[in-house]
Enquirer: 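Sharing a structure, written as structure tokens. Questions coming.
Letters go in sequence order (proteins before strands), and every chain restarts at 1. Keep in mind that this is a model prediction, so the values were computed, not measured.
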Amino acid sequence: MKHYDHAKIEKKWQRQWEKDGTYKTSDRSKKPTQYVLDMFPYPSGVGLHVGHPKGYIATDIYSRFKRMNGYNVLHPIGWDAFGLPAENYAIKSKTQPKKTVKENVRHYKKQLGMIGLDYDWSREINTTDPAYYKWTQWIFLQMFKKGLAYQSYEPINWCPSCKTGLANEDLEDGKCERCGSDVEQKPMRQWVLKITDYADRLLSDLTDLDWPEAVKESQRNWIGRSEGAEFSFPITQKNHYVLLHGFSSTPKKDFWPWLTRELQQRGHTVEIPTLPKTKNPDIEKQVQHVLATCHLTENTILVGHSLGGVVAQRVTERLKAPIKKLVLVASFTRPEFKDHDRPFADSIDWDWDFDRIRDHARRIVILRDENDPIVPSREADLLSSATGGELRSVVARGGHFGAPREPEILTAALEEMRVFTTRPETIYGATYAVLAPEHALLNELRPNITNWPAVEKYREKASKKTTLERTSEQKEKTGVQLEGVTAKNPANGEDIPIYSADYVMTNYGTGAIMAVPAHDERDWEFARAFGLPIRQVIRPVRIDTTNPPKEGTTESPRNVVHCIVKHPSENKVLTLTWKGHDWHTLIIGGVEEGESAEEAARREILEETGYKNLTFEGQLGDEVKAHFYAAHKKVNRTSFTKALVFRLDDLERDPISEEEEAKHTPEWTMLEGLKDTIHPCAELDIWVHRLQTGNYAYTGTGEVVNSGGWNGMSSEHVTDLITQTVGGVSRVTYRLNDWVFSRQRYWGEPIPLIHCRTCGVVPVPERDLPVELPDVKSYEPTGTGESPLAAIKSWVNTPCPSCGEPATRETNTMPQWAGSSWYYLRYLDPANSRKLVSPNKERHWMPVDLYVGGMEHAARHLIYARFWHKFLYDIDVVSTTEPFARLKNPGMIAGSDGRKMSKRWGNVINPDDVIHEHGADAFRTYEMFMGPFEQGGVWSTDNLIGVKRFLERVWRLQDKLADTAPAVPGTESLLHRTIKKVSEDITTFDFNTAISALMMLSNALEKEEAINPDTYATLVVLLSPFAPHLSEEIWRSILKNKRSVHLQSWPTYNETKLLDDTVTIAVQVNGKIRDEFAIERSASESDVLAAARKREKVRHWVGESAVVREIYVPEKLVSIVTAS
RNA sequence: GCCCGGGUGAUGAAAUUGGUAAACAUGCAGCACUCAAAAUGCUGUGGCCUCUGGCCUUGCCGGUUCAAGUCCGGCCCCGGGCACCA
């Protein structure tokens, strides 16, 4: 026997496999397909550590197994190479990222090659290859064309250290996930993908996926769907409206009469001038007319439609002091129209001072009809960097807003707080309202806010707070009232104060809430801190389960007090132990006619316990309704219970009456134990919760009170009714925000769009893709919100594809997640220059049957990829709604010190060293033997050596080979059991037990005198997915086979040979194992029972007792039960 | 706080529908081979006791059952996701 020289063997076969194309996948095979996929690596400069290959080894084993089982297997690999690390390295070392990536890829390839993985390298892809990112850009363009990519001017997360905007998904505890810097909110122009359009599908389609529950759960959390309603709370202050009609219109036409009436009905004043020369307008004259005749003060809201919008823009530009709001309905800033020319186009001076317009309107709202004939182009100029500037694409009733009623215009013109709530049924309890500090309405309301300096100060303070400060620590409520303005609760017409407070988030719901302190813990805290009214609108209802009400019995309502009497010094509460009942209660009493609850409580405490010197500390939240049967009075009680808290000043007592003495004795009970000792008490859970948390908000369901006509109904049943009656709209809100898709950095896919002064944003024609990333001199981010690309004038300046005039390229790049959101499709057809993937190939392979990769991608990569895939499904590029049918997450391998492997701890183990020392086969097999695949583990070289011993044992078995050796009956059933076990375990990813089964087989073979070559061959084939090199060497060099072991058929087992002829039967007597014996498998039940009864030990344990029952579990166990 | 996982020897772990808890491996102890060591092989290895045998043992307490790591109820601890999300 030769020595087992792993280094030589492994190198030899790796070369041979490459030469033979052993793992090349054909698209033409008729075999059933299996697409086995790894999350492709980011080739970093430091290379792999032993934790990284765990998943690759698993897919390697799985794909080899499937291939040997007759599948046409696709197991490809590629590189996810865009992103910040390469760019930051480029900045530091002044090397082109292109070059670094190339070097890193070479290193990674070498490392992966050493492990002996069965990748089809002919399909290798790289996200930074222009031939690849051409299609990343193509997908983006399709999204743009479908309206799924839009520009946003909302403040976004800005990392001051990475100098780029980030998506919410890139944050960890409010810090930049990459560098740990505090993230700021910075308003800037961003490209955003409308992932929220897909939120519902992303959520519901999770159900059928064979994915780890934890990943699905994390996606559900991330999407964060909540159902509720949106209400509008009108601002009660009155405004002055100036309405400007458009070309050839008059105040009597279109929606103007209706709009005027609606505004006046709400108490606002309206001016609606007839503009001069409506048929043949002279803009300058119209502007002069408006400036001369209309009231344009800080309380004015100026609304202009179409050409009237142009007038309004010019008027605003000329103002001396800002007006409150400028509402532009289908207005123009450029003379380009989609439908037809307009006669006034030439008479207008199209040169605008956008900065002045922005300065002279506290808020700008632009309405664009979704089917507008106007080229949507220049709104950006009006909105960029405007605080609270807003572009709304809405559905107009008539084309170009020509209908007699246009509700969207009214909504834009009015000042109202739109709030989102998940508890619409509590709206009667909304006693104040809150705007997020960043809310645009604040700026608009500024003229009405009398304490503006204080509000502004609070706003500034909030913007400086990092998300972390805002959400963690004590969560103490802060805020500021907007003095001088109020909102109207649409349910009961009450005027309620408005606050701005940072416990309301800008980017969730509408950024504004109605506060219901009685039924929301946060609102309760805020109301307590600011002395705001707390009004109960849902009364908890409890039914006493120990004395439930009896049917057909008289109802008897009663006001009740529960007294929580605290000990003067100890943490104890006064309770009563009842005589003749199994009762232990609080001091309870009815409130008599003309008596206050406190008086009643004091009277009861004195009567029942004699304690008399007590201080009233307050009522423990709102009252609770409870139903029970009062046995002594033979009535059903409905009690309205208040809990009152007292503290005893001292322990002085008066004597108590004999009557009371006979009923119960007072006792001190620890506050903590209250929950377990008090009995019966239907209200107890509520009291305990309030005592423990100090928060009296009741967030459950119950009976509606203080809510007009709804009183007495069940809160669960009125949700929709109240929503509709009050004029709310049912709405679903997601925690998931749209995906901030642009990065102000160099090393990413250029966004393939062109900005044209006349045509607006124009997509790069598909024939011009890819838009290649140009070489630059400096990769430094500018920090101004512009990518380094902006400096390359020759690249930026380009003719507009639409009109041919000079235009500029979009200089933002895509985030790293872009290229990885669809790469699995490109492996199917990596060289196709005409299509992203040919439909035939896509249908042939998709979906991915097995996807393996780290849990850290649960929320981001997997959600983005699913989103893109669903989009590609919608535009008929792919045929499945989900990309990845089955997902497995490898558990992390920690260093031998139990800590995460990192340079910092000096515990990194390099796979190259391990492979050099012990061989790739030992390395692979050990990683799979460590424990359950999805569980983390600690690296142990000792344990690896154990696995290596096993491989060496298999190697040595060749010495015992003998053609004459029979398939010994003993090993035969073991062999078949092993085939079964290994096959099943690879399928279910239980590699550790598969290996243990192989160990048992090799241990057994070692005990044989001689081994049949067929048996040995089977063992080698079973081992080949785990240890491909060793197996191949034995298969070809020792067993003299011509074709690779990896192209063999997987062994099959024979059901009839799985079992030995004899079985061991265990015997239990009265539930305890007392004996075991061997018997032929064929023995009948009565034979086995008879044999069991005869056993000496069994007879001893049964003794004289009569056997009352005998249970037989076939081939396993007999259980004998005796009388007592 | 809410929602998911998970708790078994000295260690990594195993255990179909409830049916002999600790397979396989590491470590440790002893033995064989050897001048010696390494390597290899063999034996032992949950705890306690009155030791040819018995009692206890799968985070804790209780329940169902002839039989519970597995099912039910209550609690404790660890890991992860979300979190002032209305």
Enquirer: Touch check for Gly1071(A), heavy atoms < 4.0 angstrom, all strands: base, sugar-phosphate only, or nothing?
Expert: sugar-phosphate
Enquirer: Provide the distance between the two C1' atoms, one in rC66(B) and one in rG59(B), to the nearest whole Å.
Expert: 28 Å
Enquirer: So Pro212(A), base contact, sugar-phosphate only, or nothing? Heavy-atom distance under 4.0 Å.
Expert: nothing
Enquirer: Classify the nucleic acid contact of Asn1003(A) as base, sugar-phosphate or nothing, counting any heavy atom under 4.0 Å across all strands shown.
Expert: sugar-phosphate
Enquirer: Have a look at Lys1072(A) and say if it touches a base, only the backbone sugar-phosphate, or nothing, with a 4.0 Å heavy-atom cut-off.
Expert: sugar-phosphate
Enquirer: Does Phe420(A) or Trp222(A) map to a spot on RNA chain B nearer the 5' end, using the closest nucleotide for each?
Expert: Trp222(A)
Enquirer: Remember a base hit wins even if backbone is also touched, and classify Glu1006(A) as base, sugar-phosphate or nothing at under 4.0 Å, heavy atoms.
Expert: sugar-phosphate
Enquirer: Checking side-chain polar atoms at under 3.5 Å, does Ser226(A) have a donor or acceptor matched by the opposite partner on Tyr734(A)?
Expert: no
Enquirer: Any Lys/Arg nitrogen of Glu217(A) or Arg220(A) sitting under 4.0 Å from an Asp/Glu carboxylate oxygen of the other?
Expert: yes
Enquirer: Going by an N to O cut-off under 4.0 Å, is there a salt bridge joining Asp502(A) and Lys461(A)?
Expert: no
Enquirer: rG41(B), OP1 or OP2 - any side-chain N/O from Arg956(A) closer than 4.0 Å?
Expert: yes
Enquirer: Tell me which nucleotide among rC24(B), rG54(B), rG5(B) gets nearest to the side chain of Trp1101(A).
Expert: rG54(B)
Enquirer: At less than 4.0 Å, is any side-chain N or O atom of Arg949(A) found next to OP1 or OP2 of rG41(B)? Yes or no.
Expert: no
Enquirer: I want to check one thing: is the phosphate of rG41(B), taken as OP1 and OP2, less than 4.0 Å away from some side-chain N or O of Arg953(A)?
Expert: yes
Enquirer: Looking at Glu917(A) and Lys948(A), is there a salt bridge between them, counting it only when a charged N and a carboxylate O are closer than 4.0 Å?
Expert: no
Enquirer: Name the nucleic acid region contacted by Gly937(A), choosing base, sugar-phosphate or nothing; use a 4.0 angstrom heavy-atom cut-off, strictly under.
Expert: nothing
Enquirer: Count the heavy atoms belonging to other residues, nucleotides or ligands that lie under 6.0 Å from NZ of Lys900(A), then report whether that count exceeds 12.
Expert: no
Enquirer: Mind calculating the distance between OH (Tyr734(A)) and C1' (rA86(B)) to the nearest angstrom?
Expert: 17 Å
Enquirer: Side chains of Val1067(A) and Glu1076(A): does their closest heavy-atom pair fall under 4.5 Å?
Expert: no
Enquirer: Please classify the nucleic acid contact of Phe526(A) as base, sugar-phosphate, or nothing, using heavy-atom distances under 4.0 Å.
Expert: nothing
Enquirer: Has the side chain of Lys477(A) got a donor or acceptor that lies under 3.5 Å from a partner of the other kind on the base of rC84(B)?
Expert: yes
Enquirer: Does the plane of the ring in Phe526(A) sit parallel, tilted or perpendicular to the ring in Tyr499(A)? Use 30° and 60° as the thresholds.
Expert: perpendicular
Enquirer: For a quick check under 3.5 Å, do Arg953(A) and Asn1003(A) share a side-chain donor-acceptor pair by atom type?
Expert: yes
Enquirer: For rC55(B) and Arg1074(A) - does any side-chain N or O of the residue sit under 4.0 Å from the phosphate oxygens OP1/OP2?
Expert: yes
Enquirer: rU26(B), rA86(B), rA13(B): which one has an atom nearest the side-chain heavy atoms of Asp942(A)?
Expert: rU26(B)
Enquirer: Of the nucleotides rG53(B), rA83(B), rC84(B), which has the atom closest to the Lys1097(A) side chain?
Expert: rG53(B)
Enquirer: Taking any heavy-atom pair under 4.0 Å as a contact, classify Lys1007(A): base, sugar-phosphate, or nothing.
Expert: sugar-phosphate
Enquirer: Output one letter per nucleotide in nucleotides 17-23 of chain B: B when a protein non-hydrogen atom lies under 4.0 Å from the base, S when only the sugar-phosphate is that close, - when neither is.
Expert: B-BB--B
Enquirer: Under 4.0 Å between a side-chain N/O of Lys981(A) and OP1 or OP2 of rA14(B), yes or no?
Expert: no
